[in-house]
Every structure is written in C-alpha cells, then in structure tokens.
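Below is one structure, written out as structure tokens; the observations come after it.
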Amino acid sequence: MTETSTLHRILDYSARADPYPLYAELRKTPVAPQEDGSYVISTYREITDILHNPHLSSDVRNLSRPMPSAEGRDTPSFINIDPPEHDRLRRLAMRHFGPPRTPGLVTGMQPDLTAIVSSLIDDFADRQLIDIVDDFAYPFPVTVICHLLGVPREDEPRFHQWVNAIIDSLDYDPKTDPPEKLNDGVQATKDIRQYLGGLLEPRHDRPGDDLLSRLANDDGPDGRMTDKEIISTANLLLIAGHETTVNLITNGMLTLLRHPHVLQRLCDEPDLIVRLVEELLRYEPPVHIIPWRAAYSDITIADTVIPKGSQIMLMLASGSRDPDRFDDPDRFDPDRQDNQHLGFGSGIHLCFGGPLARLETQIALSELVRRLDRPRLVADPPPYRPSPVLRGPIHLHIEQR
C-alpha cells in the first residue's frame with residue numbers, strides 16, 4: 001500500500017469514524033512524498049521539528065504551486081502569515097485575551113461559563129433523548145465567543161452557514177471536489193468579513209466592553225491594528241473560538257461513554273478533569289491535520305530533502321498517537337504522565353485560544369457527568385462531520401434514564 005493511497009483513504013469520509021489504524025500505516029514512512037509533489041509528515045518528532053523550524057512558512061504565497069484558499073488573500077489572519085507580522089498581530093490580539101496584560105481573563109470567566117453550562121443542562125435535564133452537539137456542545141462555546149467578541153448571539157443562524165462553508169472548503173481538492181465547494185467558502189469568507197466590518201465600524205466612536213471595541217481603540221506599544229486586520233482577527237477567533245471546542249467537548253463525551261470506568265472515576269474524583277482533558281487532546285483531538293505549510297528553502301527532515309516551496313501536510317493526530325513518543329498510545333489514560341500532545345499544535349502558532357478551550361471543556365464534561373442520569377450512546381460510531389481537518393461527530397445522540 002503506497003503512502004499516497006493511505007493518505008487518500010484517510011481523507012475519504014469512510015475513515016472519519018476511525019482514522020487511527022491508517023495513521024499507524026502512514027507513520028511507517030515519517031516523511032512521505034506524494035504524487036502531486038507535496039509531503040505528508042506523520043510522526044511526533046518530525047512534526048515538532050517542522051513546527052519549530054524557522055525555514056517553514058504559514059503563508060500560502062510561499063508555495064511554489066498556487067493553492068486554492070477560501071481566506072482573503074489581501075489580509076490573511078495571523079495564523080496564515082509569518083514573523084515579524086505574525087508576531088505583531090498576535091501580540092496585539094493577546095493584549096486583550098490573556099497574559100501579561102489581562103492575565104485573569106480566562107480564569108475569571110469560570111462562574112459565567114458554569115452558569116451557561118448549567119442553564120443548557122437544565123433545558124434537557126428531564127429529557128430521555130439528547131443530542132450532545134445541538135443541545136449542548138455547539139451552543140455553549142458559541143455563546144461564549146459571541147460575548148467575548150461583541151457579536152450578537154441572535155445572529156448565530158447567519159454566521160453558522162458561513163462558518164460551515166468555510167470549514168468545508170479547508171480540505172478542498174481541485175482534482176476531486178466540485179468548484180462550488182471552494183467558491184462557497186470564498187463567498188462565505190467575504191460575507192462574514194463584511195458582517196464583522198459592520199459590527200466594528202460604530203465601535204470606534206462608541207466602544208463597548210468587548211474584544212472588537214478594545215482592538216478598535218488600542219494604541220499600545222505595537223500601534224493599532226487596521227480595520228482589515230481587526231476583521232481578519234475577529235473572523236479567526238469567531239470560527240476557531242467555537243468550532244474546535246464543539247469537537248473537543250463532543251469527542252470527550254463520546255470517549256467517556258466508551259470508557260465507563262473513566263466516567264465513573266470522574267464522578268468520584270472531580271479533580272481528575274484537568275488531566276483527563278489533556279489526555280483527550282492527545283487521544284481524540286479536535287484538529288487532526290494542518291493541511292499545509294510551505295518550505296522557505298530546501299529543508300531536510302528524517303533524511304528526506306523537501307524542496308523549497310513544497311506543500312507540507314502535518315498529521316497532528318497521528319503524531320499524538322506515535323508509539324515512539326507515547327507508551328501504549330491507543331489507550332485512553334487520564335493518568336498519563338509527560339503528555340506533551342499536539343492537540344493545540346506547537347511552536348509560534350500554538351493555539352491562541354487553548355486556555356479558554358481547556359476551561360470550557362473541563363467545565364462542560366464535569367457538569368455533564370455529574371448531572372446526566374446513566375447516559376448511554378444511541379449509535380456508535382455516531383455520524384461525523386465531513387471535514388478530516390476538524391474532526392468530530394455532527395450529532396451525538398445519548399439516552400438517559
């Protein structure tokens with residue numbers, strides 16, 4: 001079986017429920033050249049080397065072969081650009097999202113997060129059949145990120161369809177996918193940015209207590225973001241601020257229901273939740289693949305020379321199940337030590353919202369386990385979302401007594 005066909009099988013929807021045996025197959029060749037000239041990296045050491053390599057670019061313009069992208073080329077978000085501009089924009093955003101300027105932002109949200117979770121569980125506490133995605137894992141982080149950014153929660157139906165189109169376009173393959181898949185993503189990006197621009201404009205004169213307002217009126221040591229940069233950053237935070245957390249919470253509940261002894265332990269030992277979420281980020285992460293990076297110059301990884309401008313695909317979820325890095329990697333073990341997983345990536349693009357996603361998931365799973373009455377899965381495996389990049393169930397139906 002060639003590496004190319006293994007990759008294609010991973011990307012095919014039929015593998016969505018369990019791609020891990022295919023990842024093991026892929027790891028036999030840590031750096032696997034593909035027929036189209038790209039390279040797939042699937043082992044932990046090589047992925048971390050790449051993510052910390054200064055000769056690697058996150059800017060699509062550094063690819064030798066142009067790659068279709070739904071993101072606006074004029075002002076890409078900071079995860080798709082390189083230093084020094086990446087560093088400047090990330091610092092400007094982080095001033096209002098975490099340390100050192102706002103060190104208590106995330107931890108200070110704990111009472112509000114707990115209240116949102118409790119309210120959602122109250123709404124379905126007496127029901128026998130529950131969809132963890134629609135009834136809980138989706139509305140929770142959406143409510144949180146809307147409040148943080150200053151996006152009206154009632155506008156969710158509008159941006160929900162845009163976000164879905166953008167996510168669907170992440171793994172666009174011109175050889176196999178209809179052009180409409182990319183076109184819909186491009187149009188959705190334009191629509192959501194126009195929408196965010198409409199929210200941003202009045203905040204220059206009438207700022208509120210939200211992230212859009214603070215970015216619009218911040219004259220810190222790095223200067224002020226342009227409106228286009230603010231919109232691009234807000235677009236990133238709106239999408240990443242809920243899509244990955246939906247998957248993390250849903251994957252977490254699915255994993256607990258598949259491991260009832262761990263679920264019972266969490267009931268008996270609430271402090272287990274911190275280590276449990278870290279193991280979840282390794283074992284069933286919300287982001288499986290970084291679809292591309294570009295080489296600034298020829299680089300050598302695992303004795304393989306990757307030419308300048310090559311597309312490099314990083315299989316994060318495969319790296320986190322690498323037996324050369326983790327003992328018994330296919331076992332879910334919340335007591336695991338030295339758990340330096342790739343669930344939030346690594347290097348300069350380490351997930352910006354990781355601390356918030358961790359806390360949201362800790363609170364969500366703790367309260368679900370505490371309050372649900374003997375929950376059990378209705379279908380296993382559940383139906384999955386189309387994307388192999390952001391992998392998680394599209395529905396997770398459970399029954400309780």
Side-chain angles (χ1 to χ4, degrees), residues 71-72 75-80 89-99 101-113 115-117 120 137-167 188-218 220 224-249 286 351-361 363-364 390:
E71 182 167 40
T75 312
S77 59
F78 59 74
I79 64 168
N80 286 328
L89 291 172
R90 184 170 173 125
R91 280 195 305 268
L92 283 166
M94 185 59 78
R95 276 169 57 81
H96 307 284
F97 202 78
R101 190 168 186 249
T102 51
L105 175 70
V106 172
T107 53
M109 294 175 64
Q110 184 159 352
D112 290 338
L113 299 180
I116 295 168
V117 164
L120 288 168
Y138 180 79
F140 172 37
V142 166
T143 300
V144 174
I145 198 63
C146 283
H147 174 72
L148 272 174
L149 279 173
V151 172
R153 179 64 175 82
E154 59 269 23
D155 287 352
E156 183 275 332
R158 294 179 64 192
F159 66 72
H160 183 58
Q161 59 182 348
W162 297 329
V163 170
N164 283 343
I166 293 168
I167 297 300
T189 299
K190 292 178 181 177
D191 290 341
I192 201 168
R193 291 189 176 199
Q194 183 177 11
Y195 165 75
L196 290 169
L199 296 178
L200 173 64
E201 186 176 357
R203 282 167 163 81
H204 286 295
D205 300 320
R206 300 185 301 278
D209 186 23
D210 54 63
L211 189 56
L212 275 176
S213 296
R214 293 194 290 272
L215 291 175
N217 296 279
D218 181 18
R224 185 181 294 197
M225 283 188 187
T226 66
D227 278 9
K228 284 187 175 181
E229 289 169 343
I230 295 172
I231 291 167
S232 178
T233 299
N235 179 38
L236 168 66
L237 297 180
L238 180 62
I239 296 174
H242 74 271
E243 280 294 318
T244 54
T245 309
V246 172
N247 284 350
L248 186 56
I249 293 171
C351 180
F352 179 88
L356 177 58
R358 279 186 170 100
L359 183 59
E360 288 176 314
T361 306
I363 293 170
L390 297 175

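Here, residue 1 is the first one in the sequence, and each next residue gets the next number. Bear in mind that the values here come from a model prediction, so they are computed numbers and not experimental data.
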Go through the steps to decide whether Leu356 and Met109 satisfy the test side chain to side chain contact (heavy atoms under 4.5 Å, CB included), and finish with yes or no. CA-CA 9 Å; Leu356 177 58; Met109 294 175 64; 4.1 Å; yes
[X] side-chain N/O to [Y] backbone N/O, donor-acceptor pair under 3.5 Å:
X: Arg95; Y: Arg91; value: no
X: Thr244; Y: Ala240; value: yes
X: Arg193; Y: Lys228; value: no
X: Ser232; Y: Pro76; value: yes
X: Glu156; Y: Arg153; value: no
X: Arg224; Y: Ala216; value: yes

Within 6.0 Å of CD in Gln194, more than 12 heavy atoms from elsewhere: no
His147 atom NE2, neighbour heavy-atom count above 12 within 6.0 Å: no
Any idea which heavy atoms bring [X] and [Y] closest together, and the distance?
X: Ala93; Y: Thr233; value: CB-CG2, 4.0 Å
X: Thr245; Y: Ala357; value: OG1-CB, 3.8 Å
X: Gly150; Y: Leu199; value: O-CD1, 4.4 Å
X: Ala188; Y: Ala165; value: CB-CB, 3.7 Å
X: Asn217; Y: Pro207; value: ND2-CB, 3.6 Å
X: Leu212; Y: Ala234; value: CD2-CB, 3.9 Å

Verify side chain to side chain contact (heavy atoms under 4.5 Å, CB included) between Glu360 and Val117, making sure each step is shown before the conclusion. CA-CA 9 Å; Glu360 288 176 314; Val117 164; over 6 Å; no
Does the side chain of [Y] come within less than 4.5 Å of [X]'s, by heavy atoms?
X: Pro286; Y: Val246; answer: no
X: Asp209; Y: Arg214; answer: yes
X: Asp112; Y: Val144; answer: no
X: Leu237; Y: Phe352; answer: yes

Side chain to side chain contact (heavy atoms under 4.5 Å, CB included) evaluation trace for Asn164 with Phe159: CA-CA 9 Å; Asn164 283 343; Phe159 66 72; over 6 Å; no
Working for side chain to side chain contact (heavy atoms under 4.5 Å, CB included), residues Leu196 and Val151: CA-CA 8 Å; Leu196 290 169; Val151 172; 4.2 Å; yes
I need the [X] [atom1] to [Y] [atom2] distance, nearest 0.5 Å.
X: Ile116; Y: Thr143; atom1: CD1; atom2: OG1; result: 5.5 Å
X: Leu200; Y: Leu149; atom1: CG; atom2: CG; result: 11.0 Å
X: Arg203; Y: Ile230; atom1: CZ; atom2: CD1; result: 11.0 Å
X: Asp218; Y: His96; atom1: CG; atom2: NE2; result: 3.5 Å
X: Leu89; Y: Met225; atom1: CG; atom2: CE; result: 5.0 Å
X: Ile231; Y: Leu236; atom1: CD1; atom2: CG; result: 14.0 Å

Going by atom types only, do [X] and [Y] share a side-chain donor-acceptor pair under 3.5 Å?
X: Ser213; Y: Asp210; answer: yes
X: Tyr138; Y: Glu243; answer: no
X: His204; Y: Asp227; answer: yes

Aromatic contact between Phe140 and His242, with the criterion being ring centroids under 6.0 Å apart: yes or no? no
Is any side-chain N of the basic residue among Asp191 and Arg158 closer than 4.0 Å to the acidic one's carboxylate O? no
